[in-house]
Enquirer: 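First the structure, then my questions, so here it is.
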Protein chains: 4
Amino acid sequence: MSSPPPANAPSKGDRTRRRLLDAAAAEIARRGPDGTSLAAVARRAELKAGSVYFHFDSRDHLIEAVLEEGVRESLRILDDAVSALAAPSAAPERLRAAVRAHLRAIEELSDYAMVVLAPPFHTAGDRMPVYRDALRTYLARWTELISDAQDAGVLPGGTDPRSLRDLVLGGLNASGLAGRPVADTARAMESLLGLDDG
Amino acid sequence: MSSPPPANAPSKGDRTRRRLLDAAAAEIARRGPDGTSLAAVARRAELKAGSVYFHFDSRDHLIEAVLEEGVRESLRILDDAVSALAAPSAAPERLRAAVRAHLRAIEELSDYAMVVLAPPFHTAGDRMPVYRDALRTYLARWTELISDAQDAGVLPGGTDPRSLRDLVLGGLNASGLAGRPVADTARAMESLLGLDDG
Amino acid sequence: MSSPPPANAPSKGDRTRRRLLDAAAAEIARRGPDGTSLAAVARRAELKAGSVYFHFDSRDHLIEAVLEEGVRESLRILDDAVSALAAPSAAPERLRAAVRAHLRAIEELSDYAMVVLAPPFHTAGDRMPVYRDALRTYLARWTELISDAQDAGVLPGGTDPRSLRDLVLGGLNASGLAGRPVADTARAMESLLGLDDG
Amino acid sequence: MSSPPPANAPSKGDRTRRRLLDAAAAEIARRGPDGTSLAAVARRAELKAGSVYFHFDSRDHLIEAVLEEGVRESLRILDDAVSALAAPSAAPERLRAAVRAHLRAIEELSDYAMVVLAPPFHTAGDRMPVYRDALRTYLARWTELISDAQDAGVLPGGTDPRSLRDLVLGGLNASGLAGRPVADTARAMESLLGLDDG
DNA sequence: AATGAATGAGATTTCATTCAT
DNA sequence: TATGAATGAAATCTCATTCAT
């Protein structure tokens, strides 16, 4: 009757799962992980609350999946950007690429992006090891970039690179998530970091 | 029986109210406004949940009181610091004082401080006009400081001062709330802002 | 492709049905009729819950089938044992054969056996007429055996035979289902009933 | 306004708790532990389901409390009966007192009594340590009584006393819970145990 | 000023059942 | 024959709130 689906096409289940993740990301972006109810997610995904359990073990697993995907995708964007540079590239160049990649991630991932904010006040991470590990990886990558820039003399050397990293990422997140124009934010941050002259 | 309380001493009710605010601040800092339950706050304040209603109209009023107090105190610390400068003081000097005041607020207010993070994703602000207004005032003060520094040529001029403000406050918040040493954070931020040479 | 199945061989459907009955019996034995969920039965039978409906009309029908099969098989074992006696046989002899048959049923039927316990508290029977009728038949057979033994003077005469029957069956069930060695239980019961001297 | 309550009067909470235990006992007696829903218990106790949680931590805790109380009361009745005998009393005398006490417990405790049935199929005991321990105590008391009777030559000696105990208790439970007249059941059991000539 | 007790609304979760494939 | 996907009803549990004491 109906033509066969093309190979590799996402199954119905895959599509529903995606709808659920998107819906959850939207809710989390608006109400935070703790304020996100399954009912609201299900409604947004046009599903009954009980049906969610066919795709995820629990509300917490669904939320963790969203958070983890947010960081994982951010990491992918970051790594792609840095490795796209003509090797070998200097530390400042890599740092500038990273800044732009992070802002691009916030822009492209929209609802999924807020996770990288990692605000210390939702203890979510405690109960969500997969997310926590992904976040650690992402932060470690940044620490390295910052550290290299310090060694290259672009950033002040006497400071714990993690302090600098939090300063940079915290700033980008706040500005990006507040909806400031990305170009504006990027230019300002690059200026503060002394990267403007490319 | 008991000796009369000294004039101006906080009444028992005042003291309970304070305990509740502190308990709520601690819970909010750990679980976020949406994850904070009355029962948890009451337990921490060594009270029964029902008793909270003798002191606050509702859970939301209690939470709003905490958030508002956090911003109000931060504003007080900021204003005190800036007006303590020998007038007339230059824009960079004022900005440096503000940076240090903000970090001091995070340090002193501890649990109350996280509110200034104002992460865009808890819609808390929407339902809490008193808090929202206080936050606006605080942000406006910072916008002015940034704008003045731009006019003085210390900060890049072509950028929306609010983007810069979010960059700075977001960075300070992330670093401060992550528990980085304040001196470290202050030095790093001042270096980025080109304020180190006093 | 595949060689034709031998006549009378159970079809694939028959085998699945059997797996389901066994799985349900095991669950019922462990959790009781009310605590038995379709999902658990299906899992044990290595099937998906929905597939059960190809073999049974509903969860209740499946459970009733298990209960009914348990009593029906017990009845068969009882009748076989009694009719295997050299006719005409005396009442005590028949009673002893019945005791041993009942214990053998508990042993052989394992998970299916618990049904004869007929504990008054699972109202299961109410909604399961087929099971209820089978159970009545089984109990009636026992009442007759007891009554005959009373007439023969082996058991006290002034008592309602159903009281004695419950005493005997209840005892055998408790001991048998608790996993006491059948020989032990049989000897003890026969001793109490004054049947030892064969 | 209202006269003060007499000292030692049960508080409102005590009375509600009692109502809940009674309601749960009634439900358990009819549907078994696994078939007993909180909603049904609450309805029977004329309470809203949520209110149950003011008195018990969970459905399981409520059910365990009922089971435990059933065994504890049975034990009390048993111990009272045995220790009321003129000391020193012979083993058969004590056994007869125990039989009657057990039947009296079934009668008096009505809904609470079914617990001593300990049918192996509600794994309840596994998750309910308090109940399990109480049950063990009760069974141990009976094992001792049986063992003494064996030593005194009233009961067959070659058998594990626990087999005999299960035979006796299982029989009494089945008959008692089936609603047979207690006098009938008692007389029949005593006759089987050779205790009639007391 | 605070507690004990209860409610009602809603949250998460479970589960028997259906149906297209 | 069996699975994947979904539903709707009910179950357990949480929680803000109320009110008598």
Side-chain angles (χ1 to χ4, degrees), chain A residues 1-2 4-5 11-17 34-42 45-62, chain B residues 11-17 36-42 45-63, chain C residues 11-17 36-42 45-63, chain D residues 1-2 5 11-17 35-42 45-62:
Chain A
M1 278 307 189
S2 58
S11 69
K12 189 186 181 199
D14 289 341
R15 274 177 281 122
T16 305
R17 207 187 131 91
D34 284 312
T36 293
S37 87
L38 250 209
V41 173
E46 293 180 286
L47 223 64
K48 301 298 166 180
S51 311
V52 175
Y53 287 82
F54 184 81
H55 301 275
F56 294 92
D57 283 345
S58 70
R59 171 188 167 282
D60 275 14
H61 278 83
L62 167 55
Chain B
S11 68
K12 187 184 178 198
D14 289 342
R15 272 178 284 122
T16 305
R17 204 187 133 91
T36 293
S37 84
L38 254 205
V41 173
E46 293 180 285
L47 229 62
K48 301 294 167 179
S51 313
V52 174
Y53 287 82
F54 190 84
H55 302 274
F56 294 91
D57 283 346
S58 73
R59 173 188 167 284
D60 276 13
H61 279 83
L62 167 56
I63 288 184
Chain C
S11 68
K12 187 185 179 197
D14 288 342
R15 272 178 284 122
T16 305
R17 203 186 135 92
T36 293
S37 83
L38 254 205
V41 172
E46 294 180 285
L47 229 63
K48 303 293 168 183
S51 313
V52 174
Y53 287 81
F54 189 84
H55 302 274
F56 294 91
D57 284 346
S58 72
R59 173 188 168 281
D60 277 13
H61 279 83
L62 167 55
I63 288 184
Chain D
M1 279 302 189
S2 58
S11 69
K12 189 187 180 198
D14 289 342
R15 274 178 281 120
T16 306
R17 206 186 131 91
T36 293
S37 86
L38 253 208
V41 173
E46 292 180 285
L47 223 64
K48 301 298 166 181
S51 310
V52 174
Y53 288 82
F54 184 80
H55 301 275
F56 295 91
D57 283 346
S58 70
R59 172 188 168 282
D60 276 15
H61 278 83
L62 167 55

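Please read all numbers here as calculations on a predicted model, not as lab measurements. Order of the sequence lines sets the chain letters (A, B, ...), proteins ahead of strands, with each chain counted from 1.
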Enquirer: Suppose we define a pair by two distances each less than 3.5 Å, Watson-Crick or G-U wobble; what does F:dA9 pair with here?
Expert: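 Base partner found: E:dT14.
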Enquirer: Provide, to the nearest angstrom, the distance between the CD atom belonging to B:Glu46 and the C1' atom belonging to E:dA1.
Expert: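 After rounding, the gap between these two atoms is 16 Å.
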Enquirer: From the set E:dA6, F:dT18, F:dC13, return the single nucleotide nearest to any side-chain atom of D:Lys12.
Expert: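 Of the candidates, E:dA6 comes closest.
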Enquirer: Does D:His55 have a side-chain nitrogen or oxygen under 4.0 Å from the phosphate oxygens OP1 or OP2 of E:dG4?
Expert: no
Enquirer: Please tell me which of the listed nucleotides, F:dT17, F:dT7, F:dC13, lies nearest to the side chain of D:Ser58?
Expert: F:dC13
Enquirer: Where the side chain of D:Tyr53 is concerned, which of F:dC13, E:dA5, E:dA1 is the nearest nucleotide?
Expert: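 Minimum distance to the D:Tyr53 side chain belongs to F:dC13.
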Enquirer: Would you sort out whether C:Leu47 and C:Thr16 count as a side-chain contact (heavy atoms from CB on, under 4.5 Å), showing the intermediate values?
Expert: CA-CA 9 Å; C:Leu47 229 63; C:Thr16 305; 3.9 Å; yes
Enquirer: For the side chain of D:Arg59, counting heavy atoms from C-beta on, which of E:dT13, F:dT12, F:dA6 is nearest?
Expert: F:dT12
Enquirer: To the nearest Å, how far apart are D:Leu38 CG and E:dT12 C1'?
Expert: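 Going from D:Leu38 (CG) to E:dT12 (C1'), I get 15 Å.
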Enquirer: How many whole angstroms separate atom CZ of C:Phe56 from atom P of F:dT1?
Expert: 13 Å
Enquirer: If every non-hydrogen atom of C:Ala39 is compared with every non-hydrogen atom of C:Ala49, which pair is closest and at what distance?
Expert: CA-CB, 4.5 Å
Enquirer: Any idea which heavy atoms bring A:Arg17 and A:Phe56 closest together, and the distance?
Expert: NH1-CE2, 3.5 Å
Enquirer: Using both distances under 3.5 Å as the test, list the Watson-Crick or G-U wobble partner of F:dA20, or none.
Expert: E:dT3
Enquirer: C:Leu62 has an atom CG; how far is it from atom C1' of E:dT17, in whole Å?
Expert: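 Distance check: C:Leu62 CG to E:dT17 C1' gives 14 Å.
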Enquirer: Pick the nucleotide of DNA chain F nearest each of B:Gly50 and C:Ser11; which residue has the one closer to the 5' end?
Expert: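 Comparing both residues, the 5'-ward one is C:Ser11.
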Enquirer: Which heavy atom of A:Ala42 sits nearest a heavy atom of A:Lys48, and at what distance?
Expert: CB-C, 4.0 Å
Enquirer: Specify the separation, in whole Å, of atom CZ of C:Phe54 and atom C1' of F:dT3.
Expert: 13 Å
Enquirer: Roughly how many Å is it from NE2 in C:His61 to P in E:dA16, rounded to a whole number?
Expert: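 In whole Å, E:dA16 P and C:His61 NE2 are 15 Å from each other.
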Enquirer: Using whole Å, report how far CG of D:Asp14 lies from P of E:dT3.
Expert: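 So the two atoms are 19 Å apart, to the nearest Å.
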Enquirer: Side chains of A:Leu62 and A:Leu38, heavy atoms from C-beta outward: is any pair under 4.5 Å?
Expert: yes
Enquirer: Do you know which two heavy atoms are closest between C:Ser51 and C:His55, and how far apart they sit?
Expert: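 Residues C:Ser51 and C:His55, closest heavy atoms: O-CD2, 3.6 Å.
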Enquirer: From the options E:dA2, E:dT7, F:dA5, select the nucleotide whose nearest atom is closest to the side chain of D:Ser51.
Expert: E:dT7
Enquirer: If you assign each of A:Leu47 and C:Leu47 to its closest nucleotide in DNA chain F, which residue comes earlier from the 5' end?
Expert: C:Leu47
Enquirer: Between F:dA11, E:dT7, E:dT13, which one does the side chain of D:Lys48 approach most closely?
Expert: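 Closest nucleotide to the D:Lys48 side chain: E:dT7.
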Enquirer: Which of these nucleotides, F:dC15, E:dT13, E:dT3, is closest to any side-chain atom of B:Ser37?
Expert: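 When the side chain of B:Ser37 is considered, F:dC15 is the closest of F:dC15, E:dT13, E:dT3.
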Enquirer: Pick base, sugar-phosphate or nothing for A:Gly13, based on heavy-atom distances below 4.0 Å to the nucleic acid.
Expert: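 Result for A:Gly13 = sugar-phosphate.
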Enquirer: C:Asp60 CG to E:dC15 P: how many Å, rounded?
Expert: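 Checked: the CG to P distance equals 15 Å.
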